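Structure record follows, encoded as structure tokens.
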Amino acid sequence: MAVPLLDLAGQWREIRDETLAAITRVCDSQRFILGPEVEALEHELATSIGVSDAIGVSSGTDALLVALMALGVGPGDEVITSTYSFFATAGSIVRTGARPVLVDIDPVSYNLEPAAVEAALTSRTKAIMPVHLYGQCADMEALARVAGQAGVPLVEDAAQAIGSRLGNRQAGSMGLAG
């Protein structure tokens with residue numbers, strides 16, 4: 001029996017009508033960039049995850065890139081992140097001219113290992129980018145301690161964990177940016 005790698009038909013059936021209605025609203029308005037649909041998404045996401053602001057961009061990759069650029073990350077800098085992630089995580093770091101420093105993961109959660117992050121810190125470290133995977137948040141309390149002691153910000157890659165919680169906080173709301 002052939003088992004498909006990915007079969008989204010069931011999910012599509014559940015969201016089809018709502019999705020097509022949203023596409024129709026955007027096409028009818030001709031507001032393909034920004035506009036009321038993006039503004040509504042930003043407000044809904046910010047409210048949902050408990051942050052003051054959310055900014056819609058073209059992709060998760062660009063979200064990471066924008067956050068790093070806002071922090072002034074560039075050539076000669078290092079950003080510590082996970083060895084276990086989609087290539088866009090390290091790719092966004094490379095696009096700033098900085099060097100990704102890939103560290104090991106916790107074998108149970110598959111998320112960034114705080115002790116490995118601490119061991120990888122150098123004077124060139126400008127940010128730590130944990131990746132929340134499989135609906136599980138990284139150990140943000142331990143990572144926040146490491147980041148705080150080093151004086152570097154946390155930029156969360158929460159693309160695969162939107163809606164996930166660590167205590168009473170949601171993925172994307174625990175770092176300087178997410």
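What you see below is based on every heavy atom in this structure, not just the backbone, and it leaves out hydrogens, waters and symmetry mates. These figures come from a predicted structure and were not determined experimentally. Residues take their numbers from the sequence shown, with the count starting at 1.
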Does atom [atom1] of [X] have more than 12 heavy-atom neighbours from other groups under 6.0 Å away?
{"X": "Ile33", "atom1": "CD1", "result": "no"}
{"X": "Ile55", "atom1": "CD1", "result": "no"}
{"X": "Gln30", "atom1": "CD", "result": "yes"}

Nearest 0.5 angstrom please: [X] [atom1] to [Y] [atom2], how far?
{"X": "Thr122", "Y": "Asp77", "atom1": "OG1", "atom2": "CG", "value": "9.5 Å"}
{"X": "Asp104", "Y": "Thr83", "atom1": "CG", "atom2": "OG1", "value": "5.0 Å"}
{"X": "Glu78", "Y": "Thr125", "atom1": "CD", "atom2": "OG1", "value": "5.0 Å"}
{"X": "Phe86", "Y": "Ser92", "atom1": "CZ", "atom2": "OG", "value": "11.0 Å"}
{"X": "Glu42", "Y": "Glu39", "atom1": "CD", "atom2": "CD", "value": "7.0 Å"}
{"X": "Ile128", "Y": "Ser82", "atom1": "CD1", "atom2": "OG", "value": "13.0 Å"}

Which atom of [X] lies closest to which atom of [Y], heavy atoms considered:
{"X": "Pro114", "Y": "Leu143", "answer": "CA-CD2, 3.8 Å"}
{"X": "Leu166", "Y": "Glu141", "answer": "CD2-N, 4.4 Å"}
{"X": "Leu71", "Y": "Pro153", "answer": "CD1-CG, 3.7 Å"}
{"X": "Ala63", "Y": "Val57", "answer": "N-CG2, 3.5 Å"}
{"X": "Pro130", "Y": "Met140", "answer": "CG-SD, 3.7 Å"}
{"X": "Asn111", "Y": "Gln136", "answer": "ND2-O, 3.3 Å"}

Side chain proximity check, [X] to [Y], heavy atoms < 4.5 angstrom:
{"X": "Gln11", "Y": "Leu8", "value": "yes"}
{"X": "Cys137", "Y": "Arg165", "value": "no"}
{"X": "Val94", "Y": "Pro100", "value": "yes"}
{"X": "Leu112", "Y": "Val103", "value": "yes"}
{"X": "Thr81", "Y": "Ile93", "value": "yes"}
{"X": "Glu156", "Y": "His132", "value": "yes"}
{"X": "Leu68", "Y": "Val79", "value": "yes"}
{"X": "Gln170", "Y": "Ser164", "value": "no"}

Check the pair Ile105 / Glu113 against side-chain contact (heavy atoms from CB on, under 4.5 Å), numbers first and verdict last. CA-CA 5 Å; Ile105 58 169; Glu113 173 58 54; 5.7 Å; no

Strictly below 4.0 Å, N to O, side chains only: are Glu37 and Arg25 in salt-bridge contact?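 So Glu37 pairs with Arg25 through a salt bridge.
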
Does Thr47 use its side chain to pair, donor to acceptor, with the backbone of Glu44 at less than 3.5 Å?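 Pair absent, no side-chain N/O of Thr47 close to backbone of Glu44.
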
Pair Arg95, Asp62 - check salt bridge (charged side-chain N to carboxylate O under 4.0 Å, His left out), show working. CA-CA 10 Å; Arg95 286 177 61 192; Asp62 280 350; 3.5 Å; yes

Quick one: sort the Tyr134 and Tyr110 rings into parallel, tilted or perpendicular, breaks at 30° and 60°.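 If you compare the ring of Tyr134 with that of Tyr110, the planes turn out perpendicular.
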
Please step through side-chain contact (heavy atoms from CB on, under 4.5 Å) for the pair Leu121 and Ile80, ending with a clear verdict. CA-CA 8 Å; Leu121 287 166; Ile80 299 172; 3.7 Å; yes

Audit row: Ile49, Arg169, side-chain contact (heavy atoms from CB on, under 4.5 Å) steps and yes/no: CA-CA 8 Å; Ile49 67 171; Arg169 305 278 308 269; over 6 Å; no

side-chain contact (heavy atoms from CB on, under 4.5 Å) between Asp157 and Ser85: does it pass, once the steps are laid out? CA-CA 9 Å; Asp157 181 341; Ser85 181; 4.1 Å; yes

